Every structure is written in C-alpha cells, then in structure tokens.
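In what follows, every heavy atom counts, from backbone to side chain, and hydrogens, waters and symmetry copies are set aside. Just so it is clear: chains get the letters A, B, ... in the order the sequence lines come, proteins before strands, and each one is counted from 1. Here the structure is a predicted model, which means the values were calculated and not measured.
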Amino acid sequence: MPKVRLLWQGATYEVEAQPTEPLYAAIQRIGLPAGETILTARTDGTIHELSAPIGEATTFELLGWEAPEGRWVFWHSSAHLLAEAILTFWPQAKLTIGPPIEQGFYYDIDFRGDAPSPEDFPKIEAKILELAAQPEFFVRKKVSKAEALAYYQARQNPYKIELIEELPPEEITFYESGNFVDLCKGPHLWHSGPVRAVKVLGLAGAYWRGDSRNPQLTRVYGISFPSQALLEEYLRLQAEAERRDHRLLGKQLDLFSFHEEGPGFPFWHPKGMRLLNALQDWLRQKLLRNGYEEIKTPIILTQTLWERSGHYENYRENMYFTMIDEQPYAIKPMNCPGSTIIYRTQLRSYRDLPLRLFEFGLVHRHELSGVLTGLFRVRAFTQDDAHIYCTPEQIQEEIAALLQLVEQVYAAFGFTEKEVYLSTRPERYIGSLELWAQAEGALQAALQVAGLPYTLNPGEGAFYGPKIDFVVRDSLRRKWQLGTIQLDFSMPARFGLTYVGADGKHHTPVMIHRAILGSFERFVGILLEHTAGDLPLWLAPIQVKLLPVSDKFLAYAEEVWHLLKARGLRAALDASNERLNKKIWAAEQEKVPIMWVMGAKEAAARTVAIRNRLERTQAENVPLETAIAQLMQAVQPPA
RNA sequence: GCCAUCGUAGCUCAGUGGUAGAGCACUUCCUUGGUAAGGAAGAGGUCGCCGGUUCAAUCCCGGCCGAUGGCUCCA
C-alpha cells in the first residue's frame with residue numbers, strides 16, 4: 001500500500017493510503033482532527049480538499065484557520081451557507097457569484113426587487129448556524145454543460161447560465177451541501193461543522209460583473225469564524241477601529257477639518273500645524289544628517305513641461321490645469337519634473353553623485369469624488385519626496401542606505417512590523433534588458449544584505465523601472481502602504497540629464513524616486529489611528545498643560561507658561577474659572593500627555609505637581625527647574 | 001464618476017405639513033474649588049443650496065452641492 005506524508009503543526013506523519021480514498025480518511029486514520037481544526041490541505045502549491053481523492057500526490061500540508069488558504073476555503077464554504085440561508089427566506093432570489101475575500105466573503109444576489117434589510121441579518125445568521133450545525137457535507141459533482149444549463153434554466157437564473165456558457169464544457173462542477181446546489185469550482189471544506197460563528201456585515205450595491213451597464217445586484221457581506229470567541233475578537237477590533245477613526249480624532253483634538261468649499265482639501269488648524277510641523281522638522285533634520293539637500297519647486301509649471309515628462313499623456317485625468325497670460329499651465333501632481341530642472345542648472349560630474357535632493361512638495365491630484373476619505377485620500381497633499389541621481393553602479397549602495405533610513409523612520413513611530421515588496425520588469429518597459437537586470441539585481445542584493453525578507457511581485461514594476469514598496473502594520477494589525485523606492489530609467493533621458501564620467505564623456509544618470517512616509521497628511525491620519533490620538537510627546541500639539549487650582553494662582557501659572565514657551569515647549573494654560581476636576585477632564589479630552597497642577601503649595605515653593613496621562617503617574621512637589629529639565633529631556637524626538 | 005444612505009445651533013443628536021428642541025461648548029453671574037464634568041441665567045439656527053407641489057414646506061417631489069459606506073477580490 002502506498003504511503004503519504006502529512007504535515008501538521010510542525011510534525012510529519014506517514015500513513016498508508018489508497019489513491020482513490022479521500023484525504024480525510026487518511027488523516028482520520030492516524031487520529032488527526034480532519035474536518036475540525038484541519039480545514040484543508042495543500043500539495044504542489046495547490047489547495048487539495050479533504051474530501052478529494054488522494055491521487056498521485058505523496059505529501060500534504062494540512063492547513064487550519066491560521067493559514068490564509070484555510071480561511072479562504074472556510075469563507076468560501078460560508079458563502080454557500082449564506083446563499084442557502086437566503087434562499088430559504090427569499091426563494092425568488094437569483095444567485096450570481098459568492099467568493100471569499102480578505103476579511104470574510106460576500107454573495108452578489110439579484111433579489112428581484114425584494115432585498116433584505118439590516119433587520120433581517122439576525123435571522124439569516126441564525127439560519128446559517130442552523131445549517132452549519134447539521135453539518136452539511138460539501139460534495140463536488142462534475143456535470144455536463146447540458147445538465148448545468150438545464151438546472152439553471154429551470155431556476156430561471158440568467159447569470160449562472162451566462163457563466164456556464166463561458167466555461168470549458170469539461171470543467172463544470174456543482175457543489176451540493178444539504179439541499180443547496182451551486183455552480184462552483186471549489187475548493188470547499190469537507191463539511192460545515194467548523195463554522196460556529198457568523199455575522200452578516202452589510203449590504204452594498206454592485207453591478208453584475210462590475211459593469212454599470214449591467215443589472216444592479218445586492219451584495220451581502222458576511223464573515224464567519226470557527227468559534228464565537230474569534231468573532232467577538234473581530235467585532236472588538238472593528239469597534240476599536242471605529243473609535244480610532246482619524247476623522248473623529250481630528251475633530252476632537254481640533255487638528256484639521258474638511259469643508260464644502262474645498263472637498264478633499266484639508267484645512268489645518270493651529271494644533272494640527274503643530275503636529276505637522278513637528279513631524280516635518282524632525283524628518284528634515286534627519287534627512288539633512290543623511291546626506292540630503294532640501295529644494296522647493298513651483299506648484300504651477302507650464303503644460304509643455306508635463307508633456308515632456310509624459311504626465312500629460314499618461315496622467316492628465318488626475319491633473320488640474322490653468323491659464324497664465326494665455327499660456328497653458330498645470331498644477332503639479334508630482335515633484336519629479338521640477339527636481340530635474342534643478343539638476344540641470346549645473347554641469348554635473350560623477351564626483352557630485354549621488355545627488356540627493358528632497359522636497360516636501362505640495363501636489364494636487366484630481367481624485368474621483370467618491371473615493372475621498374478624510375486624510376487618507378485627499379486632493380492636495382505634501383509628499384516627503386526625494387530624488388536621488390546616481391550612476392547605475394551606485395544603485396545598490398544607495399538602496400542599502402535607504403533601507404536603513406526607512407527602518408529608522410518607521411521605528412520612530414513604533415511601526416516595527418513591516419512587509420517589503422519587490423516589483424520587477426513588466427511586459428511593457430523601457431530601457432535596456434541589461435539595465436533592468438542590473439537594477440533588479442541591485443535591489444535584490446540590497447534587500448538581502450539588509451536581511452529583509454520580501455515578497456516578489458514579478459512583472460508589477462513601473463514601465464520605467466523596478467520598485468520596492470513598504471507596508472507597515474499598525475497597532476490593530478491593519479496594513480498601510482507607506483514608502484516606495486522607484487528606479488527610473490526614463491525621466492533622466494527625457495529631460496536630457498547627464499553627468500560627466502571619469503572618462504570625460506557624458507552619461508545618463510539613474511533617478512531614484514523615493515518617499516518614506518508617503519504623504520504627511522495621510523501619515524498623520526495613520527498615526528492618529530495607530531496611537532488612538534495618544535501622540536508621543538515629541539509630536540503632541542500640546543505637550544504640557546498648566547492647571548492652576550484656582551485663579552489665585554494664575555499669576556504663577558502664567559509665569560511658568562512663559563518659561564516653557566521661551567524654551568520652545570508646546571505648552572498651554574487653562575485659565576478658565578473652573579475647578580481642577582473639570583480642567584483635568586478637559587485636558588484628558590484633548591489627550592494632553594502631561595499636566596502640571598499648581599496651587600498654594602506649588603506657588604509658595606515654586607514647584608509643580610506633575611500628572612502623566614500615558615504613564616498614569618503623579619509626582620508631587622517637583623521643583624520648577626527640575627520639572628522643566630525633565631520635560632526638555634522627555635520631548636526629545638528619536639534620533 | 002456610478003449606486004445606496006445621510007445633511008437640523010460650533011460639536012453630538014432628537015423632532016414636526018402650520019415659521020424648532022436637548023446635552024456639551026460659548027457669554028455673564030455666583031462659587032476660589034487639590035487630580036476625570038460645581039450652580040444659575042443668557043445668547044445662538046433663512047433645518048446644505050436652488051426650484052416645484054400646497055393656503056402653508058425644515059418635513060412631500062426634482063435638481064445641485066457635500067458627507068458616509070460600497071463599486072477592479074469574477075462559478
């Protein structure tokens with residue numbers, strides 16, 4: 001009898017098995033939890049259902065909830081349960097497609113004018129759990145095209161018929177579970193037993209095949225879990241994310257606002273500017289220490305410049321245009337063309353390279369009205385942009401230095417968990433194959449030297465060069481793409497940039513576009529959600545708030561206030577005629593990290609009582625000079 | 001841009017075919033209070049904008065503007 005190897009939770013099992021028997025039988029024979037915590041399997045890089053015959057494969061990696069493939073299959077089967085539940089209440093509904101997604105699943109359904117509403121969600125959820133508990137076995141059935149068509153013609157479902165018409169006739173499969181049958185290629189769970197918690201999340205309009213000329217369907221979103229505890233954890237995270245919404249925090253902390261007078265264009269309030277400036281000052285100093293020079297280029301430049309750069313051809317829909325003295329101009333959507341103009345102001349030698357020019361450049365982009373979202377998607381933003389001009393040989397060293405810089409910058413905000421993506425030459429590209437090979441090799445080598453694990457995205461690079469993208473995870477483990485490093489073989493040539501090499505001849509430099517935070521506006525939004533508004537001292541708009549116990553001590557408080565301001569500390573004074581409790585409460589609402597309470601004792605002894613919000617500590621009778629020195633120390637930004 | 005929902009005081013929200021309310025914030029007064037909201041009074045809105053229906057519209061209808069969620073995850 002042939003043997004197969006099973007890998008499960010770090011252990012390897014060998015078991016005798018017939019090629020014709022289903023995988024779950026072999027798994028069960030050695031006492032492993034097939035169909036319970038084991039959800040599916042992988043062999044040769046493809047998912048192998050537990051109910052499928054073992055076949056010729058000899059090694060199976062068994063996958064549970066922790067594996068993305070495990071959840072994928074879990075949610076795919078859950079989508080079938082959702083559809084089955086819905087058909088029991090809305091028998092007239094026509095199913096279309098119901099795939100798993102990154103967080104759950106959905107099913108697009110034509111309800112024929114009688115769609116469910118959120119009040120119906122509980123009964124749908126209850127029905128799904130009832131079906132799941134039976135449990136239902138997912139049985140794969142190969143059917144002929146004629147059978148398949150007949151089935152859906154009888155059910156008057158034009159969508160499924162359309163799908164079937166486009167499928168290769170020999171590859172049509174149905175999945176049966178309970179009384180439910182669905183056209184589906186799988187893969188699925190062996191049975192529905194592990195589905196123990198489910199939530200219908202919401203409804204959305206979606207067009208058949210994503211085309212607005214097609215009928216409008218109702219998309220029902222859902223998510224399911226193998227335990228109630230996991231569902232509750234998910235709901236807790238959702239609620240937490242809602243609580244941390246940067247749009248609410250921006251209002252609560254009085255940082256920025258949006259108005260009809262400028263949709264998608266943020267208005268920064270005084271406290272928001274303090275934060276934004278602290279961020280920019282810090283990064284500016286860091287870049288200057290790292291071999292960069294700062295530049296600033298105009299916001300409005302002639303249209304001919306953008307024609308030359310290629311933006312007019314490729315990016316026009318996102319650009320704003322204007323006329324000056326009857327000449328067409330454009331508002332810059334990117335900073336690179338301006339940077340190249342500064343490069344060209346001198347004859348550059350290879351000795352000048354690499355030349356690192358950074359610009360906190362304000363760019364405007366016409367985003368579709370429907371996608372604007374707080375600071376995350378705006379129509380005007382400030383990039384922490386830089387362009388590095390170097391020789392092809394210098395690429396690797398420059399990238400290595402950049403990787404270090406990126407690491408340091410992210411660490412300064414507590415973004416310690418990051419993912420790196422390397423995108424390589426696409427089908428449509430410019431530049432020589434040799435240059436591409438050298439550049440991709442340099443990026444790869446730099447990543448390897450830095451010991452950074454990365455995901456390869458073959459063919460996903462820009463047409464003008466390969467790139468590295470950085471994605472960080474915030475405190476709720478949500479992903480945010482921040483930085484990007486893009487090699488550019490196109491623009492230096494388009495703008496005729498050259499440098500004189502050691503051989504005395506002119507050469508074309510390579511241009512590295514790079515942003516670390518991406519945009520300051522978006523980054524502030526991410527930082528607010530990451531920290532729930534509890535910004536670190538070095539960024540806090542108000543670092544310390546002075547709370548006199550009564551207005552008898554206002555004079556002392558004002559004196560201290562001036563001392564703090566003179567030292568460049570961001571201090572505020574609560575001079576209101578309120579009780580201490582109220583002042584503390586108000587400062588808490590503002591999320592002020594440090595409060596100094598001062599009353600009779602303090603005024604007499606020239607001390608302060610320090611309340612630290614984040615550390616939840618209090619210190620009494622701290623001499624003023626000591627307190628100031630401590631504070632000066634504490635507000636120091638990271639290196 | 002498309003679909004759905006929403007738009008009432010600075011903020012969060014309640015409400016009605018007969019020209020509008022609460023809490024917080026704001027102003028004034030009382031209180032001078034020691035670690036998360038002291039008390040009282042007052043002021044504040046052409047109910048997003050434009051048009052229509054009606055004796056009468058914040059409410060019903062249409063258009064526009066804005067916000068929110070979704071819209072390339074294809075059995």
Solution key, residues 255-266 of chain A side-chain donor-acceptor pairs under 3.5 Å, sequence neighbours excluded:
{"from": "A:Ser257", "atom 1": "OG", "to": "A:His259", "atom 2": "NE2", "distance (Å)": "2.7"}
{"from": "A:Ser257", "atom 1": "OG", "to": "A:His269", "atom 2": "NE2", "distance (Å)": "2.7"}

*Sticking with atom P, work out how far B:rA43 lies from B:rA14, rounded to a whole angstrom.*
26 Å
_Partner of A:Tyr221 by ring-ring contact (aromatic ring centres under 6.0 Å, His included), out of A:Tyr106, A:Phe105, A:Phe121_ = A:Tyr106
*asked:* Say we look at B:rG42 and B:rC47: how far apart would their C1' atoms be, to the nearest angstrom?
replied: 23 Å
*With sequence neighbours left out, write down each residue that passes salt bridge (Lys or Arg N to Asp or Glu O under 4.0 Å) with A:Arg219, or none if nothing qualifies.*
A:Asp108
*Could you measure between the two P atoms, the one in B:rG48 and the one in B:rC59, and give it in whole Å?*
8 Å
_Set of residues satisfying salt bridge (Lys or Arg N to Asp or Glu O under 4.0 Å) with respect to A:Lys479, sequence neighbours excluded_ = A:Glu419
Can you give me every donor-acceptor pair (side chain of residues 524-536 of chain A, partner residue at least two apart or in another chain, under 3.5 Å) with its distance?
{"from": "A:Glu529", "atom 1": "OE1", "to": "A:Arg478", "atom 2": "NH1", "distance (Å)": "3.1"}
{"from": "A:Glu529", "atom 1": "OE1", "to": "A:Arg478", "atom 2": "NH2", "distance (Å)": "3.1"}
{"from": "A:Glu529", "atom 1": "OE2", "to": "A:His246", "atom 2": "N", "distance (Å)": "2.7"}
{"from": "A:Glu529", "atom 1": "OE2", "to": "A:His246", "atom 2": "ND1", "distance (Å)": "3.0"}
{"from": "A:His530", "atom 1": "ND1", "to": "A:Ser475", "atom 2": "N", "distance (Å)": "3.0"}
{"from": "A:His530", "atom 1": "NE2", "to": "A:Phe413", "atom 2": "O", "distance (Å)": "3.3"}
{"from": "A:Thr531", "atom 1": "OG1", "to": "A:Leu527", "atom 2": "O", "distance (Å)": "2.7"}
{"from": "A:Thr531", "atom 1": "OG1", "to": "A:Gly533", "atom 2": "N", "distance (Å)": "3.3"}
{"from": "A:Asp534", "atom 1": "OD1", "to": "A:Arg613", "atom 2": "NH2", "distance (Å)": "2.1"}

_Can you list everything that forms a side-chain hydrogen bond (donor to acceptor under 3.5 Å, both in side chains) with A:Ser78? Sequence neighbours excluded, please._
A:Ser224
*Please list every stem that involves RNA chain B, where a stem is a run of 3 or more consecutive Watson-Crick or G-U wobble pairs with both pairing distances under 3.5 Å.*
B:1-7 with B:65-71, B:10-13 with B:21-24, B:26-30 with B:38-42, B:48-52 with B:60-64
*Take atom P in B:rC50 and the same atom in B:rC55, then report the distance between them in whole Å.*
23 Å
*Could you check which residues of residues 595-605 of chain A get a heavy atom under 4.0 Å from RNA chain B? Sort them by number, please.*
A:Val597, A:Gly599, A:Ala600, A:Lys601, A:Glu602
_Give the residues of residues 155-170 of chain A touching RNA chain B, defined as any heavy atom closer than 4.0 Å, sorted by residue number._
A:Lys160, A:Leu163, A:Leu167
Short N/O separations, protein against nucleotides 37-47 of chain B, under 3.5 angstrom:
{"from": "B:rA37", "atom 1": "N7", "to": "A:Trp585", "atom 2": "NE1", "distance (Å)": "3.3"}

Protein-nucleotides 6-14 of chain B N/O pairs closer than 3.5 Å?
{"from": "B:rU12", "atom 1": "OP1", "to": "A:Lys251", "atom 2": "NZ", "distance (Å)": "2.9"}

_Going by salt bridge (Lys or Arg N to Asp or Glu O under 4.0 Å), name the residues that satisfy it together with A:Arg616, two or more places apart in sequence or in a different chain._
none
*Please determine if A:Lys145 and A:Glu165 form a salt bridge, counting it only when a charged side-chain N lies under 4.0 Å from a carboxylate O.*
yes
*asked:* List the residues meeting salt bridge (Lys or Arg N to Asp or Glu O under 4.0 Å) with A:Glu240, not counting sequence neighbours, and say none if there are none.
replied: A:Arg243, A:Arg244
